[in-house]
Amino acid sequence: MKPFEVTESPIDPQKYADYVLHTGAGAVTLFTGHVREWTHGVRTVYLAYEAYVPMAEKKLAQIGEEMEAKWPGIRTAIAHRIGELHLSDIAVVIAVSSPHRKAAYEANEYAIERIKELVPIWKKEIWEDGQEWQGAQKKYPDKGADAQ
Amino acid sequence: MKPFEVTESPIDPQKYADYVLHTGAGAVTLFTGHVREWTHGVRTVYLAYEAYVPMAEKKLAQIGEEMEAKWPGIRTAIAHRIGELHLSDIAVVIAVSSPHRKAAYEANEYAIERIKELVPIWKKEIWEDGQEWQGAQKKYPDKGADAQ
Amino acid sequence: MIRVNYFARLRELAGKGQETVDREEMTVQELLDWAEDTYPGFGKDDVQVAVNEEYALPGDLIRSGDECAFIPPVSGG
Amino acid sequence: MIRVNYFARLRELAGKGQETVDREEMTVQELLDWAEDTYPGFGKDDVQVAVNEEYALPGDLIRSGDECAFIPPVSGG
């Protein structure tokens with residue numbers, strides 16, 4: 001298992017939680033992002049995710065390094081699925097372990113915000129009557145105030 | 001499965017994540033609290049948890065109601081294990097689903113804070129050379145500023 | 001008769017998990033005073049009382065048949 | 001020769017996932033200008049360029065053999 005990976009296979013979140021757990025960890029936070037049926041009143045039939053895979057995996061690992069620098073003592077694993085995803089499928093999983101709970105929550109939320117800013121992955125929403133690529137980030141997300 | 005339970009059995013966190021997932025959920029946060037080896041420089045051999053079980057389950061359900069009132073649209077499940085727990089064993093699991101991620105993080109963290117304030121569960125730390133019951137809450141946690 | 005439950009440190013101090021107090025009614029504060037008298041070192045100022053599985057205030061009345069519990073500082077999670 | 005990759009909306013617009021640009025060197029801005037000229041509607045102001053899997057600035061130089069990618073607004077998660 002790679003701790004920072006883009007995969008075409010269904011995601012088993014427990015695998016990532018197990019990866020970050022160790023005897024120094026008192027808290028593990030596991031975030032999973034799922035395909036939701038309704039967005040802004042429009043019904044999603046399915047989503048299609050696409051990635052620039054080698055760069056996306058590098059950027060996930062970079063986010064992990066940022067996290068471990070900001071919250072010393074945590075361990076992190078992140079995976080993002082690509083391809084066709086249907087209702088309730090997991091698109092992304094973020095696992096963080098920490099000696100204490102506060103860092104586990106904060107670092108986990110930081111990870112999903114950073115993923116949405118800088119990891120080259122794209123989502124197309126497919127509705128009953130149309131489809132559209134999503135995305136509207138800052139032009140230079142990597143150089144923003146949050147970047148380390 | 002009871003969504004708010006105190007149990008003597010090992011906790012399978014995925015069961016609680018599955019319980020809260022539904023097609024309206026875009027985010028699931030799963031928190032697990034684990035037995036940690038070192039606390040304040042002292043090595044833990046094991047922990048013994050004890051609960052006033054019927055009241056503890058009521059209080060867990062009350063916390064769930066508080067959460068669903070504060071963050072409409074979320075779904076919650078919480079379990080706490082009692083008995084002898086060893087290194088890395090899960091003591092508590094909190095699962096929250098939400099249409100959007102922010103509420104899933106916030107509500108989950110709220111839950112663990114409230115558990116530590118008001119749920120009648122006690123932890124005894126057993127070290128190589130001694131043991132002690134833990135706990136130092138406010139006298140009336142249920143009536144505090146956070147209570148709804 | 002009022003039933004009382006002990007947990008954690010208080011269970012070890014009392015040497016029992018539960019017992020009954022032979023009273024028709026008393027306040028929460030009177031129950032705490034009784035416990036302090038009966039079990040030296042009880043530490044009533046740091047102990048809450050639950051009546052019928054709900055936290056009670058010092059002036060609340062306990063009646064025969066109620067189920068009480070002494071709740072020392074909790075430490076779940 | 002510079003290799004360029006297209007993703008998402010840009011892949012559909014270009015009708016291909018990758019191609020080569022026959023230049024020895026050019027800046028990131030020149031590559032974006034070339035893309036806008038070649039594919040009307042490219043929308044270069046909202047597109048970043050990665051050079052060898054790292055985000056690059058408009059003035060950065062791209063050399064023959066580099067692997068580039070056009071990165072439209074991302075939407076992972």
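Naming convention: chains lettered A, B, ... in sequence-line order (proteins, then strands); numbering from 1 in each chain.
- Going from atom CG of B:D129 over to atom CZ of B:R43 covers 11.5 Å, rounded to the nearest 0.5 Å.
- The shortest non-hydrogen separation linking B:K59 to B:P120 is CG-CD, 4.0 Å.
- Only the side chain of B:Y49 comes within contact range of chain C, with at least one heavy atom under 4.5 Å from a heavy atom of that chain.
- Taking chain B as the reference chain and counting heavy-atom pairs below 4.5 Å, the highest number among C:A69, C:S75, C:G77, C:G76 is found for C:S75.
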Audit row: B:R36, B:T39, side chain to side chain donor-acceptor pair (under 3.5 Å) steps and yes/no: CA-CA 7 Å; B:R36 195 179 50 216; B:T39 297; 2.9 Å; yes
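- Ion pairing between B:R81 and B:E8 fails under the 4.0 Å rule for side-chain N and carboxylate O.
- Residues B:H100 and B:A27 approach most closely at C-CB, 4.1 Å, considering heavy atoms.
- Salt-bridge formation is not detected for the pair B:K124/B:E50: no Lys NZ or Arg NE/NH1/NH2 atom is positioned less than 4.0 Å from an Asp or Glu carboxylate oxygen.
- Contact count against chain C (heavy-atom pairs under 4.5 Å) is highest for B:V119 among B:I82, B:V119, B:I112, B:I94.
- Proximity to chain C (any heavy atom under 4.5 Å) is restricted, for B:W133, to the side chain, taken from C-beta onward.
- Of the residues considered (C:E53, C:R9, C:R11, C:E12), C:E53 shows the highest number of contacts with chain B, using heavy-atom pairs under 4.5 Å.
- The choice from B:E132, B:H80, B:M55 that makes the most heavy-atom pairs within less than 4.5 Å of chain C is B:M55.
- Neither the backbone nor the side chain of B:A56 comes within contact range of chain C, judged by heavy atoms closer than 4.5 Å.
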